There are 2 protein chains.
Amino acid sequence: MSQEKIITIYDIAEKLSLSPSTISRGLQNHAAVNAVTKKKIFDTANEMGYRFNTFARNLRSRKTNTIGVIVPRLNSYFISAMLAGIEKELNGSGYNMLISQSLELQEKEAEYAETMMHNRVDGLIVALAANTTSLDHFQPFFKHHIPLLFADRGIAGNEYTKVVIDNFRAGYEAAFHLAEQGCTRIAHITGNTIRDVYSERRDGYQQALKDKGLSFDESLVFETDLTEISTMKVMNRILKMEVLPDGLFVSNDFCAAIGLKTLKQAGLRIPEDIAIVGFNNDATSRITEPALSTVNYPGQEMGEVVARRLINQLNASNPSEPETLVLKSELIVRSSSLKGGV
Amino acid sequence: MSQEKIITIYDIAEKLSLSPSTISRGLQNHAAVNAVTKKKIFDTANEMGYRFNTFARNLRSRKTNTIGVIVPRLNSYFISAMLAGIEKELNGSGYNMLISQSLELQEKEAEYAETMMHNRVDGLIVALAANTTSLDHFQPFFKHHIPLLFADRGIAGNEYTKVVIDNFRAGYEAAFHLAEQGCTRIAHITGNTIRDVYSERRDGYQQALKDKGLSFDESLVFETDLTEISTMKVMNRILKMEVLPDGLFVSNDFCAAIGLKTLKQAGLRIPEDIAIVGFNNDATSRITEPALSTVNYPGQEMGEVVARRLINQLNASNPSEPETLVLKSELIVRSSSLKGGV
DNA sequence: ACCCAATATGCAATCGGTTGCAGTTAGATT
DNA sequence: AATCTAACTGCAACCGATTGCATATTGGGT
């Protein structure tokens with residue numbers, strides 16, 4: 001098997017004694033090419049194993065049909081659900097997807113933004129890294145009017161289009177529910193509050209305490225990087241407290257599961273001694289014993305919505321106003337927080 | 001903020017009264033360009049906001065510095081660990097990564113292979129979909145001598161380069177361990193045995209039974225698609241058996257966790273009544289109670305190895321022989337299978 | 001037989017870089 | 001002062017497809 005020549009429209013043109021223009025138009029199903037000729041072109045192209053050259057095409061047409069996607073990480077239940085949603089929509093509209101993960105680092109995010117720019121993506125979907133504070137690295141996109149939409153993790157304000165859930169309300173409902181169950185000392189483990197998804201949930205939690213007449217204790221809020229190790233550390237600190245909390249709201253199901261198990265191993269009963277609510281409705285939440293109460297996060301839907309919005313914006317003739325699309329989330333009550341009684 | 005002009009080397013050339021060739025060479029740090037001129041070029045490029053056009057560059061240089069990666073799905077602990085490994089190596093060597101997920105369907109896999117071809121990837125890394133039986137859709141890669149390496153899920157034979165673990169041995173060890181623990185009726189839940197990762201584990205399991213003098217009971221082997229639903233179905237069938245199994249080897253940690261929980265809820269003790277071993281060493285395996293014995297799968301390492309091998313192959317002057325790289329895996333014994341006693 | 005319109009095809013410029021080869025220039029050598 | 005060499009820089013072709021405009025062909029109408 002020898003190296004096979006890469007076929008171009010020029011090769012087809014020569015073989016059929018036609019001009020490259022006609023071949024090009026024929027392959028595009030252009031109306032100005034005779035049906036018989038077209039058929040001949042298609043057949044010959046297949047026969048010779050022709051594949052179009054994306055670069056030549058993109059170079060000329062100044063459009064790449066590629067959407068860049070930058071997410072904090074790939075190995076997250078929520079993120080992969082979202083990617084599946086994005087992919088479904090994009091693929092259905094003939095777009096490709098260039099994915100990369102920032103690993104929660106602004107530095108890598110910036111690097112990838114540049115790569116995306118070089119690859120001349122037609123649009124960009126971003127979920128910001130944990131420590132991203134500035135959007136400077138996205139300036140080129142703004143300058144060149146390349147649509148940039150935020151999915152889930154955006155930045156405060158109405159300047160940009162983003163698809164989110166009402167994190168304040170979700171946090172509020174989680175904490176309110178725990179309070180309803182009789183919890184009076186509710187601890188909260190959250191991610192980096194630079195990201196408003198986390199700060200808003202915390203604010204919601206705080207408001208719920210207030211509305212239920214519970215005092216807010218700063219020392220019960222733990223800001224972490226939501227890894228297994230830091231969760232363990234937090235749990236150890238909690239277990240050493242003089243008065244243990246009787247409720248725990250964790251901004252992530254995996255960490256909630258780790259916490260749940262640690263507390264059980266320390267001899268505490270869930271939910272009798274400590275009731276727990278997680279976040280995301282990961283597969284993990286159904287594995288724990290007792291099953292974990294959590295907030296359902298419509299990952300796939302979020303991906304579909306943001307992708308569809310982007311496609312619309314690309315097809316629109318006039319520039320569209322930035323808007324914030326808020327999806328529904330809901331508290332799912334399972335055994336880890338259900339104490340019985342009303 | 002108005003639409004900013006896209007700067008090309010021609011714009012820089014004009015501004016500096018130099019020729020585009022010199023700009024091009026200067027930006028490439030070519031030796032034949034005066035250091036002073038070079039500096040001037042770089043400064044002006046920055047100042048004007050120049051970004052190179054990947055397409056023009058790729059079109060001319062006939063090299064894309066992009067590697068395609070096709071995996072069955074993104075939302076798997078193992079796969080994302082592997083992707084992280086691949087990304088680390090590729091990025092360190094200046095390559096980009098075009099990812100797509102086949103969703104376990106040969107049809108989608110073929111479609112993406114074509115897209116990768118159009119995007120002229122320099123090489124391809126593939127973990128085959130569950131139902132892929134033919135490699136016809138990769139023919140263009142073979143014909144054009146574009147390296148195609150398999151990661152984890154390849155195809156039998158020595159025709160292609162692949163990075164794998166010894167699945168037969170892993171399956172053998174898992175089943176052997178269960179037998180050692182005193183299990184005599186060991187059930188096995190596996191994925192689509194078209195994929196040799198699954199068939200080899202099953203073969204290893206079978207061989208271990210044989211070596212331990214246990215009879216092989218076909219009705220204890222369940223081939224599934226390894227989803228939550230089918231696992232539940234299998235568990236229900238198992239629970240209805242006249243004689244229950246006393247050991248369970250599942251080719252996937254999440255399904256093992258589902259199984260574990262279902263059995264416990266049915267009143268069975270783990271590991272006393274049924275000992276369980278999973279596969280992959282997912283995060284999930286540490287969440288279950290008791291913690292799940294499993295086979296550690298070096299996902300990140302596998303990604304690094306396959307990417308490094310691909311890069312070497314791309315840099316090599318002469319074509320490299322196909323080879324099979326086997327990584328170490330190991331049984332991790334936790335409480336779900338440890339009955340005590342020797 | 002002549003003209004016109006409709007249909008089909010080709011020419012050549014263009015997208016933005018890259019690179020082999022040739023040409024220029026300044027300084028060194030004799 | 002003439003010659004040579006090394007260091008720079010530019011010309012122009014090229015990568016493979018797209019597309020506005022021009023041209024060729026065909027058939028129909030009168």
Side-chain angles (χ1 to χ4, degrees), chain A residues 4-42 44-45 48-66 94 115 117-122 140 144, chain B residues 4-42 44-45 48-66 94 115 117-122 140 144:
Chain A
E4 195 162 291
K5 186 179 180 317
I6 291 183
I7 305 299
T8 71
I9 55 169
Y10 296 92
D11 300 313
I12 305 179
E14 191 173 12
K15 185 148 187 173
L16 292 179
S17 302
L18 285 171
S19 81
S21 339
T22 304
I23 307 301
S24 174
R25 278 190 273 253
L27 291 170
Q28 291 174 77
N29 224 334
H30 197 288
V33 176
N34 186 297
V36 180
T37 313
K38 245 183 232 172
K39 173 140 177 41
K40 229 185 298 180
I41 292 175
F42 274 117
T44 312
M48 297 177 78
Y50 168 78
R51 330 227 142 219
F52 67 81
N53 184 319
T54 308
F55 304 116
R57 177 174 289 185
N58 288 346
L59 176 59
R60 179 59 220 239
S61 63
R62 299 165 147 286
K63 196 164 182 295
T64 65
N65 274 306
T66 299
T115 302
M117 194 68 203
H118 285 159
N119 280 294
R120 297 287 199 277
V121 292
D122 291 337
H144 296 300
Chain B
E4 197 162 291
K5 185 181 181 318
I6 291 185
I7 306 298
T8 71
I9 54 170
Y10 296 94
D11 300 313
I12 304 179
E14 191 173 11
K15 184 150 191 172
L16 291 179
S17 302
L18 284 171
S19 80
S21 341
T22 304
I23 307 299
S24 173
R25 277 189 276 255
L27 291 170
Q28 291 175 76
N29 225 332
H30 197 286
V33 176
N34 188 297
V36 180
T37 312
K38 244 183 236 172
K39 173 139 177 38
K40 229 184 300 178
I41 292 174
F42 274 117
T44 312
M48 298 178 76
Y50 169 77
R51 329 231 142 215
F52 66 78
N53 184 317
T54 307
F55 305 115
R57 177 175 289 184
N58 289 344
L59 176 59
R60 177 61 219 235
S61 63
R62 299 164 148 284
K63 197 167 180 296
T64 65
N65 275 306
T66 299
T115 302
M117 194 69 203
H118 285 159
N119 280 294
R120 297 289 200 272
V121 294
D122 291 337
H144 295 301

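Convention: sequence-line order gives letters A, B, ...; per-chain numbering from 1. Since this is a predicted model, take the numbers as computed values, not measurements.
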Across the strands shown, which category fits [X] at heavy-atom distances under 4.0 angstrom: base, sugar-phosphate, nothing?
X: A/S17; value: sugar-phosphate
X: B/L18; value: sugar-phosphate
X: B/Y10; value: base
X: A/R120; value: nothing

Counting only side-chain nitrogens and oxygens, does B/S24 get under 4.0 Å of the OP1 or OP2 atom of C/dT18?
yes
Strictly below 4.0 Å: does B/Q28 bring a side-chain N or O up to OP1 or OP2 of C/dT19?
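So the side chain of B/Q28 is within the cut-off, an N or O lying under 4.0 Å from OP1 or OP2 of C/dT19.
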Kindly indicate, with the supporting measurements, whether the criterion side-chain contact (heavy atoms from CB on, under 4.5 Å) is fulfilled by B/T66 and B/N119.
CA-CA 9 Å; B/T66 299; B/N119 280 294; over 6 Å; no
Close side-chain approach of [X] to [Y], heavy-atom, < 4.5 Å:
X: B/T54; Y: A/N58; result: no
X: A/I6; Y: B/R120; result: yes
X: A/M117; Y: A/H144; result: yes

Expressed as a whole number of angstroms, how long is the span from [X]:[atom1] to [N]:[atom2]?
X: A/N119; N: C/dG17; atom1: CG; atom2: P; result: 14 Å
X: B/L59; N: C/dT18; atom1: CG; atom2: P; result: 11 Å
X: A/E14; N: C/dT9; atom1: CD; atom2: C1'; result: 18 Å
X: B/I23; N: C/dG16; atom1: CD1; atom2: P; result: 16 Å
X: B/N58; N: C/dG17; atom1: CG; atom2: P; result: 12 Å
X: A/K38; N: C/dT7; atom1: NZ; atom2: P; result: 13 Å

Residue met sooner reading DNA chain D from 5', once B/R62 and A/T22 are mapped to nucleotides
B/R62
A/D122 and A/T64: side-chain donor and acceptor closer than 3.5 Å?
yes
Measure from the side-chain heavy atoms of A/N34 and tell me the nearest of C/dT9, C/dA13, C/dA12.
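The answer is C/dT9, which lies nearest to the side chain.
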Shortest side-chain distance from A/S21, nucleotide among C/dT9, C/dC21, C/dA12
C/dA12
Give, for atom NZ of A/K15 and atom CD1 of A/I12, the distance between the pair rounded to the nearest 0.5 Å.
9.5 Å
B/T44 OG1 to B/D11 CG distance, which is reported to the nearest 0.5 Å:
12.0 Å
Using the C1' atoms of five pairs at each end, what's the angle between the two axes of the helix from C/dA1-D/dT30 to C/dT30-D/dA1, to 10 degrees?
60°
On DNA chain D, which is the earliest and which the latest nucleotide, 5' to 3', with an atom closer than 4.0 Å to a heavy atom of chain B?
D/dC8 to D/dG16
What closest approach, in Å, do B/A56 and A/L59 show between heavy atoms, and which atom pair accounts for it?
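For B/A56 and A/L59, the tightest heavy-atom pair comes out as CB-CD1, 3.9 Å.
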List the atom pairs, with distances to 0.1 Å, where a side-chain N or O of residues 23-31 of chain B and a protein N or O form a donor-acceptor pair under 3.5 Å, not counting sequence neighbours.
from: B/S24; atom 1: OG; to: B/Q28; atom 2: NE2; distance (Å): 3.1
from: B/Q28; atom 1: NE2; to: B/S24; atom 2: O; distance (Å): 3.2
from: B/N29; atom 1: OD1; to: B/K38; atom 2: NZ; distance (Å): 3.2
from: B/H30; atom 1: ND1; to: B/A32; atom 2: N; distance (Å): 3.1

Donor-acceptor pair under 3.5 Å, A/R25 side chain vs C/dG10 base:
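Donor-acceptor pair under 3.5 Å: yes.
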Under 3.5 Å donor-acceptor, A/N53 side chain and A/F55 backbone:
yes
